[in-house]
Undergrad: 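Structure provided below as structure tokens; questions to follow.
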Amino acid sequence: MPRPPRQHIVHLYPEVAEAGSLQAAMQAELDRAGYPLTATLTNSPGWWDCATRVGDNRRHVTTVAGSQQRWFIMEFWERGVCMACGKTADLAASAGAIGRWQAGSRLRELQAARPFIRFDELAEAYERGDPVETQWKMYREARSPYIDHALIEAAYARPRLRMLFPYTSHEELHLSRCTRFPFTRDLPAVVPVRGGSYRVIWPGRQLDIGHTRTPSEAVDLVENHLPNDCRPAVDATAAELDSPDSTETSS
């Protein structure tokens with residue numbers, strides 16, 4: 001016998017409660033709008049009544065029903081990148097946004113049709129095909145205690161490092177041969193150490209390459225340990241990049 005939806009679903013989302021789950025309610029809306037799409041459950045078992053996913057490995061949308069207020073909270077994904085997000089109280093509007101995204105809508109087209117959608121300059125850079133330079137720009141301009149700006153500037157000054165896709169974990173600086181998650185983890189990374197020094201490591205193996213006193217010395221070590229054939233980061237996930245039939249195109 002199917003489980004009844006939880007009380008906050010019954011209270012805030014009567015149409016979802018009547019359908020039995022957000023998955024079922026979203027499927028009904030997609031069908032009503034004429035979109036040939038299938039709403040499925042997410043990977044979170046505890047969200048069986050309040051979340052759904054529509055799409056495939058290339059493009060998909062996740063929708064979660066808020067627990068305190070009536071909001072359908074949405075994320076729009078394309079090949080490992082969250083390209084846009086938004087929230088609406090209207091289930092039909094949510095289904096309409098999903099339909100447009102899965103039909104291939106571009107970001108500004110999607111926002112024009114559904115003004116509750118939000119995206120940033122990095123998402124547009126992915127859409128244009130040049131996220132590497134934009135990611136460096138955002139790190140250089142960011143004001144965050146988790147970004148070592150001296151390290152970012154030292155790395156950006158090196159053309160062989162600047163051509164790679166940077167990403168950070170706290171103050172660590174990692175470089176990827178691809179621009180989409182999951183990123184590659186086979187290039188040296190820099191870990192700031194309390195007291196002002198730096199460790200350069202192989203992140204996939206957590207092995208030290210060396211310790212340095214300055215950001216410039218750290219990026220020297222990184223550059224010296226890049227593969228000789230290291231090329232600009234490509235528009236791919238790590239799985240796509242390393243697959244036998246992958247085609248590498250510079251971003």
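Scope of the values below: all heavy atoms of this structure, side chains included, with no hydrogens, waters or symmetry mates.
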Undergrad: Report all side-chain donor-acceptor pairs from residues 94-102 shorter than 3.5 Å, counting only partners two or more places apart or in another chain.
TA:
residue, atom, partner, partner atom, Å
Trp101, NE1, Trp77, O, 3.2
Gln102, OE1, His60, N, 3.4
Gln102, NE2, Arg59, O, 3.1

Undergrad: For Thr134 and Ala125, work out which heavy atoms get closest and say how close.
TA: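 Taking every non-hydrogen atom into account, OG1-CB, 3.3 Å.
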Undergrad: Identify all side-chain donor-acceptor contacts of residues 37-47 below 3.5 Å with residues at least two apart in sequence or on another chain.
TA:
residue, atom, partner, partner atom, Å
Thr40, OG1, Arg53, O, 3.1
Thr42, OG1, Ser44, N, 3.2

Undergrad: Apart from Trp71 itself, what residues make up its hydrophobic cluster, given side-chain heavy atom links below 4.5 Å?
TA: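 Its cluster partners, ordered by chain and number, are Ile73.
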Undergrad: How long is the span from the CD atom in Glu15 to the CG atom in Leu91, to the nearest 0.5 Å?
TA: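 Spacing of CD (Glu15) from CG (Leu91) equals 5.5 Å.
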Undergrad: Please, which pairs that meet ring-ring contact (aromatic ring centres under 6.0 Å, His included) have at least one residue in residues 8-36, sequence neighbours excluded?
TA: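 Qualifying pairs: Tyr13-Phe72.
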Undergrad: Once ring-ring contact (aromatic ring centres under 6.0 Å, His included) is applied, do any residues pair with Tyr198, and if so which ones, sequence neighbours excluded?
TA: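 Checked Tyr198 against ring-ring contact (aromatic ring centres under 6.0 Å, His included); zero matches.
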Undergrad: How long is the gap from CZ on Arg160 to CE on Met163, to the nearest 0.5 Å?
TA: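 Between atom CZ of Arg160 and atom CE of Met163 there are 5.5 Å.
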Undergrad: Please say which of Gln135, Glu78, Met83 ends up in a side chain to side chain contact (heavy atoms under 4.5 Å, CB included) with Tyr126.
TA: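 Answer to the side chain to side chain contact (heavy atoms under 4.5 Å, CB included) test with Tyr126 among Gln135, Glu78, Met83: Met83.
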Undergrad: For Ala103, give me all partners under side chain to side chain contact (heavy atoms under 4.5 Å, CB included), at least two apart in sequence or on another chain.
TA: none
Undergrad: If I take atom CD1 from residue Ile147 and atom OH from residue Tyr139, how far apart are they, to the nearest 0.5 angstrom?
TA: 6.0 Å
Undergrad: Grab the two heavy atoms, one from Leu12 and one from Arg70, that are nearest each other, plus how far apart they are.
TA: O-NH1, 3.0 Å
Undergrad: Between Thr184 and Ser176, is a side-chain hydrogen bond (donor to acceptor under 3.5 Å, both in side chains) present by the stated rule, with each step listed?
TA: CA-CA 5 Å; Thr184 59; Ser176 173; 3.2 Å; yes
Undergrad: With sequence neighbours left out, write down each residue that passes side chain to side chain contact (heavy atoms under 4.5 Å, CB included) with Pro227, or none if nothing qualifies.
TA: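 Result, side chain to side chain contact (heavy atoms under 4.5 Å, CB included) vs Pro227: Leu187, Asp229, Cys230.
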Undergrad: Which pair of heavy atoms, one from Ala155 and one from Leu161, lies closest together, and at what distance?
TA: O-CB, 3.6 Å
Undergrad: Once rounded to the nearest 0.5 Å, what's the spacing between atom CD of Glu127 and atom CG of Leu107?
TA: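 Separation between the atoms: 4.0 Å.
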Undergrad: Quick check: closest heavy atoms across Ser216 and Ala154, and the distance to 0.1 Å?
TA: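 Residues Ser216 and Ala154, closest heavy atoms: N-CB, 4.2 Å.
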Undergrad: Once side chain to side chain contact (heavy atoms under 4.5 Å, CB included) is applied, do any residues pair with Ala24, and if so which ones, sequence neighbours excluded?
TA: Ala19, Ser21
Undergrad: How would you list, by chain and number, every residue that makes a side chain to side chain donor-acceptor pair (under 3.5 Å) with Asn224, sequence neighbours excluded?
TA: none
Undergrad: Is it the case that more than 12 heavy atoms not belonging to Glu121 sit under 6.0 Å from its CD atom?
TA: yes
Undergrad: What ring-ring contact (aromatic ring centres under 6.0 Å, His included) pairs are there with at least one residue in residues 147-168, not counting sequence neighbours?
TA: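 Residue pairs passing ring-ring contact (aromatic ring centres under 6.0 Å, His included), neighbours aside: Trp136-Tyr156, Phe165-Phe183, Tyr167-His174, Tyr167-Phe183.
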Undergrad: Show the nearest heavy-atom pair for residues Glu109 and Ser105, with the distance to one decimal.
TA: CB-OG, 3.5 Å
Undergrad: Glu240 and salt bridge (charged side-chain N to carboxylate O under 4.0 Å, His left out): which single residue from Arg180, Arg177, Arg79 fits?
TA: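 With Glu240 as partner, salt bridge (charged side-chain N to carboxylate O under 4.0 Å, His left out) holds for just one option, Arg79.
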Undergrad: Connecting only ILVMFWY residues whose side-chain heavy atoms lie within less than 4.5 Å of each other, what is the rest of Val191's hydrophobic cluster?
TA: Ile201
Undergrad: Identify, with sequence neighbours excluded, every residue that meets salt bridge (Lys or Arg N to Asp or Glu O under 4.0 Å) alongside Glu29.
TA: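 Counting only residues at least two positions away or on another chain, Glu29 forms a salt bridge (Lys or Arg N to Asp or Glu O under 4.0 Å) with Arg32.
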Undergrad: Take atom CZ of Arg213 as the centre, draw a 6.0 Å sphere, and report whether it contains more than 12 heavy atoms from other residues, nucleotides or ligands.
TA: no
